[in-house]
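As structure tokens, the structure follows; a few thoughts come after it.
Lettering of chains follows the sequences in order, A, B, ..., and the numbering in each one begins at 1.
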Number of protein chains: 2
Amino acid sequence: MTDATQERLLQAAEEIFADKGFKAASVREICKAAGANVAAVNYYFGDKERLYIEAVKYAHRSCTQGEPLPVWLPGTPPLQKLMDFIRVFTTRMMKPSAAASLQLMMREMAQPTAACVEVVRDYIRPMAEQLQAILRELRPDVPPDALYLYGFSIVGQCLFYRQNRPIAALLVGEEGFQKFDVERVTRHITAFTLGALGLADQLPAVATAEVAP
Amino acid sequence: MTDATQERLLQAAEEIFADKGFKAASVREICKAAGANVAAVNYYFGDKERLYIEAVKYAHRSCTQGEPLPVWLPGTPPLQKLMDFIRVFTTRMMKPSAAASLQLMMREMAQPTAACVEVVRDYIRPMAEQLQAILRELRPDVPPDALYLYGFSIVGQCLFYRQNRPIAALLVGEEGFQKFDVERVTRHITAFTLGALGLADQLPAVATAEVAP
DNA sequence: ATTTGTATGAAACAATTGTTTTAATGTCAA
DNA sequence: TTGACATTAAAACAATTGTTTCATACAAAT
């Protein structure tokens with residue numbers, strides 16, 4: 001039961017920090033949820049802030065395992081890769097396998113603290129580079145910094161459904177928003193992006209390949 | 001100096017709530033910044049929460065005045081309207097005339113509280129409906145709920161540059177991110193969106209009209 | 001000048017915060 | 001069993017929190 005306490009503390013901290021943020025979450029609440037004594041956080045982590053940082057790292061580990069980045073066979077058409085990427089990203093945002101973990105990471109991204117650098121290095125950058133590679137394949141003629149703008153447009157679309165879900169649901173109604181599930185959003189963003197890249201004519205090929213692999 | 005205290009209290013509350021959030025901001029800090037006594041918040045607003053709500057409303061008023069929605073002459077081509085809309089939205093996000101006000105509103109949108117409904121009604125919905133009208137003009141053939149997806153894609157792109165600025169800057173480097181100013185982002189999002197709508201061929205017309213009106 | 005009501009100021013209140021101390025408990029090797 | 005060490009538990013600490021009390025200052029009206 002020795003390191004189990006530390007583990008339970010991390011899980012509880014992840015959940016409660018994700019829910020309320022650093023300041024609003026109290027160590028007493030976390031310890032109660034973990035079934036541990038208040039002194040435990042000092043014993044294992046030193047203070048509240050270091051517990052927070054460890055909780056973010058913990059969340060970031062859980063997140064990376066959830067929905068892994070696709071690995072493609074050589075020769076996979078870049079269009080297929082793009083749609084796969086968008087699907088993975090959208091799924092991670094809309095149907096995260098570990099909701100609290102993602103929530104805590106998003107919190108950290110919105111207001112970066114000490115734990116942010118590692119999150120970017122281990123979680124964000126790999127996805128960003130993969131997307132850049134796909135876009136380079138699709139449009140070798142576009143200069144690098146313009147490719148960044150394309151990338152921002154794609155992930156911006158995906159992130160919207162998480163970062164602004166409450167507002168969007170308030171606008172179109174909760175029941176109306178339910179219709180926009182992962183699959184529909186994925187297809188929309190893919191089609192929207194392909195059109196923007198001037199590759200709209202190649203869309204049917206991807207859609208077909210999706211239905212009958 | 002009577003109602004001036006209330007006004008200064010609101011301004012200070014807006015600033016500090018925007019900076020730290022509801023829980024982390026203390027009434028003593030706000031009162032000190034406003035040059036008022038701690039009892040003033042109770043006297044004028046009752047308690048901290050009602051001060052917060054009033055601060056959000058105050059912020060939302062400041063925001064609406066800053067960069068007004070464009071009003072077009074009859075006969076303005078919808079393409080021009082779209083680019084104008086994107087420019088206004090992007091400007092509001094990247095170069096807000098009242099930084100603290102916008103920050104507080106974004107905070108409220110990320111974690112809606114009691115003040116959120118009014119913000120949506122008075123600030124968000126008017127913009128949403130204007131965008132929907134433009135899109136309907138551009139693509140009358142597309143059904144309404146698909147138009148919502150288009151709208152989400154557009155505002156998702158714009159919001160990215162505010163909600164994820166720290167991360168984006170961390171990815172491409174701060175100096176690299178500086179290159180993406182309002183004008184360049186506006187042109188990119190407009191071109192990206194027109195391509196997605198299958199109207200890429202009409203882009204030059206807008207760009208020209210922009211340079212020589 | 002007196003009175004009435006509003007506004008401010010300083011102090012105190014009770015509750016909660018993060019953190020520390022100290023004693024008790026458990027565990028495992030000698 | 002004894003000892004050493006790791007872990008837990010309860011209590012106390014000092015600081016900060018939102019809120020309230022009450023006396024004072026000020027204003028305008030009678």
Check your understanding: What integer distance in Å separates Arg50(A):CZ from dG18(C):C1'?
Key -> 13 Å
Point to revise | Pairwise ring-ring contact (aromatic ring centres under 6.0 Å, His included) hits with a residue in residues 90-135 of chain B, at least two apart | key: none
Practice item. Give, ordered by number, those residues of residues 35-42 of chain B having at least one heavy-atom distance below 4.0 Å to an atom of DNA chain D; if nothing qualifies, reply none. Key: Ala39(B), Asn42(B)
Check your understanding: According to a 3.5 Å limit on both distances, what stems of 3 or more consecutive Watson-Crick or G-U pairs are formed with DNA chain C?
Key -> C:1-13 with D:18-30, C:18-30 with D:1-13
Less than 3.5 Å apart, which donor and acceptor atoms pair up between the side chains of residues 168-178 of chain B and the rest of the protein, not counting sequence neighbours?
residue, atom, partner, partner atom, Å
Glu174(B), OE2, Arg165(B), NH2, 3.0
Glu174(B), OE2, Gln178(B), NE2, 3.2

Point to revise | Side chains of Phe152(A) and Val185(B) in contact at under 4.5 Å (non-hydrogen atoms) | key: no
**Study point:** Residue pairs passing the salt bridge (charged side-chain N to carboxylate O under 4.0 Å, His left out) test where at least one lies in residues 10-19 of chain A, sequence neighbours excluded
**Key:** none
Practice item. Could you tell me which residues satisfy salt bridge (Lys or Arg N to Asp or Glu O under 4.0 Å) with Arg136(B), sequence neighbours excluded, listed by chain and number? Key: none
Practice item. Let me know the distance between CZ of Phe17(A) and C1' of dG18(C), rounded to the nearest Å. Key: 11 Å
Check your understanding: Whole Å only: how far is the CG atom of Leu9(B) from the P atom of dT19(D)?
Key -> 13 Å
Review point. To the nearest angstrom, how far is Lys48(A) atom NZ from dT17(C) atom P?
Key: 9 Å
Check your understanding: Mind checking what makes salt bridge (Lys or Arg N to Asp or Glu O under 4.0 Å) contact with Glu137(B), not counting sequence neighbours?
Key -> Lys81(B)
Point to revise | Spacing of Tyr43(A) atom OH relative to dC5(D) atom P, expressed in whole Å | key: 13 Å
Check your understanding: If only side-chain N and O atoms of Tyr44(A) are considered, is one of them under 4.0 Å from the OP1 or OP2 phosphate oxygen of dA6(D)?
Key -> no
Study note, to complete from the structure: Contacts of Glu29(A) meeting side chain to side chain donor-acceptor pair (under 3.5 Å) (sequence neighbours excluded), chain-then-number -> Lys20(A)
Review point. Arg28(B): what forms a side chain to side chain donor-acceptor pair (under 3.5 Å) with it, not counting sequence neighbours?
Key: none
Exercise for review: Keeping to residues at least two apart or across chains, list the salt bridge (charged side-chain N to carboxylate O under 4.0 Å, His left out) pairs with something in residues 53-64 of chain A.
Suggested key: Glu54(A)-Lys57(A), Lys57(A)-Glu118(A)
Review point. In whole angstrom, what separates Glu49(A)'s CD from dT17(C)'s C1'?
Key: 16 Å
Check your understanding: Can you list, by residue number, the residues of residues 20-32 of chain A that have a non-hydrogen atom closer than 4.0 angstrom to DNA chain D?
Key -> Arg28(A)
Practice item. Return each pair, listed once, that meets ring-ring contact (aromatic ring centres under 6.0 Å, His included) where at least one residue sits in residues 16-38 of chain A; pairs must be two or more places apart or across chains. Key: Phe17(A)-Phe22(A), Phe17(A)-Tyr52(A), Phe22(A)-Tyr52(A)
Exercise for review: Please determine if Asp47(A) and Arg50(A) form a salt bridge, counting it only when a charged side-chain N lies under 4.0 Å from a carboxylate O.
Suggested key: yes
